[in-house]
Amino acid sequence: MSAGRSLMAVLLVALTAAFASEAAAQAVDRLYVMDCGHIAASDQSRWSPGVNVGKPIELSDNCYLIRHGSEWLLWDTGYPDAVAAGPVTTPVGVATRAKTLAAQLAEVGVKQADIRFVAVSHTHGDHVGNVDMFEQSTLLIQKAEFDWAFAPDRKPPFKAERPLRKLEGDLDVFGDGSVVIISTPGHTPGHQSLLVHLAKTGWLVLSGDATHFKDNWDNRRVASMNTSADQTQASFKRIADLLAEKKAQLWINHDKPQSLSQKRSPQFYD
Ligand SMILES: [Zn+2]
């Protein structure tokens, strides 16, 4: 082999290795599904207008902890940990919390200060209940959601004075495509979902409340409390296109049967 050809061979090997490591870098290391509450709701049709009117439904409420190298991102924070002290009656139904988020983080050895980013799908109380626990983390929230939630006529969902980044659209959180916030307004003005890539599990879309349970997703039903039906339909299409493009699974936060079928923290997906 000539010197030129052997140099070429060395370069090819180096290039292949570079691409392989880049491909490996484009996945997060771990995803934990944490139990962030449960609601026994009195009327399913709140989410499925005209369907199962007056019938109760039980919904899960998850948080998702993601490890990217030495960094951590928490997606949604669930009901406040205080709900673990006893059932709370809400306008929707009875909320409970079997375990605190703090205890579940401790169980996997993660401290609040270890979490670089907290991202919330939206500002309803069953998603932002523990935001104030993470004073040092940068909160990732859409500007439209922040402005809506902190309007003068509304009760602030958490302390506004904190590290936060107001987004106007999508965000590639770690800059390598492994975790991307996807703007999916409609349930609320600045609702967002999360696209996550894991090496073994593949691509996932964490729904937030873009949809609340599988039957609603399959029928593309717009929940009664949504702030925009048109935006909701556009977000349905956005998510469906993403699922097709990435061959991704849709993990629906409040779908109790699906949540129960998943590995729960301290087990994890990789
Ligand atoms: Zn909601």
Side-chain angles (χ1 to χ4, degrees), residues 33-49 51-52 56-64 74-81 83 88-97 101 118-132 139-151 153-158 167 181-194 205-217 219-236 238-239 250-259:
V33 183
M34 297 193 159
D35 178 352
C36 276
H38 179 270
I39 187 144
S42 53
D43 185 353
Q44 186 205 294
S45 69
R46 181 180 170 81
W47 296 281
S48 55
V51 178
N52 287 339
I57 185 169
E58 297 196 5
L59 301 173
S60 52
D61 188 20
N62 299 323
C63 301
Y64 304 86
L74 180 66
W75 173 250
D76 277 339
T77 68
Y79 281 113
D81 273 1
V83 172
V88 174
T89 302
T90 78
V92 178
V94 178
T96 50
R97 224 187 195 292
L101 175 57
V118 173
V120 290
S121 58
H122 64 301
T123 52
H124 284 159
D126 52 336
H127 295 260
V128 296
N130 295 302
V131 165
D132 286 339
L139 181 71
L140 303 175
I141 184 170
Q142 296 291 322
K143 180 179 184 298
E145 188 73 9
F146 186 92
D147 292 348
W148 177 68
F150 286 90
D153 59 328
R154 296 174 62 100
K155 184 175 174 283
F158 48 80
L167 312 178
I181 289 178
I182 306 290
S183 169
T184 51
H187 179 58
T188 58
H191 183 279
Q192 52 191 14
S193 303
L194 199 69
V205 174
L206 306 182
S207 64
D209 282 5
T211 188
H212 289 78
F213 40 89
K214 185 175 183 298
D215 190 56
N216 253 15
W217 169 249
N219 292 284
R220 302 294 193 271
R221 291 192 200 106
V222 178
S224 67
M225 79 292 289
N226 284 15
T227 52
S228 166
D230 287 348
Q231 284 186 335
T232 301
Q233 291 292 354
S235 292
F236 285 161
R238 178 103 207 266
I239 291 171
L250 179 61
W251 284 14
I252 303 175
N253 191 323
H254 290 304
D255 187 299
K256 186 174 173 180
Q258 187 193 47
S259 296

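First listed ligand is number 1; within each ligand, the first listed atom is number 1. Count residues from 1 along the sequence. Treat the numbers as computed from the prediction; the structure is a model and nothing was measured.
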Next item on the list: Please find out if less than 6.0 Å separates the ring center of His124 from that of His191.
Entry: no

Notebook entry, point to check: Taking the side chain as C-beta and beyond, is there a heavy-atom pair between Glu58 and His38 under 4.5 Å?
Noted result: yes

Notebook entry, point to check: OH/Tyr79 to CG/Asn130 distance, rounded to the nearest 0.5 angstrom?
Noted result: 12.5 Å

Margin query: Measuring only between side-chain heavy atoms, which start at C-beta, is Ile252 closer than 4.5 Å to His212?
Written below: no

Next item on the list: Could you check Val51 against Arg221 for side chain to side chain contact (heavy atoms under 4.5 Å, CB included), going step by step and ending with a plain yes or no?
Entry: CA-CA 10 Å; Val51 178; Arg221 291 192 200 106; 3.6 Å; yes

Check: Side chains of Thr188 and Trp148: closer than 4.5 Å at any heavy-atom pair?
Finding: yes

Next item on the list: Can you list, by chain and residue number, the protein N, O or S atoms under 2.8 Å from the Zn ion (ligand 1)?
Entry: His122 NE2, His124 ND1, His187 NE2, Asp209 OD2

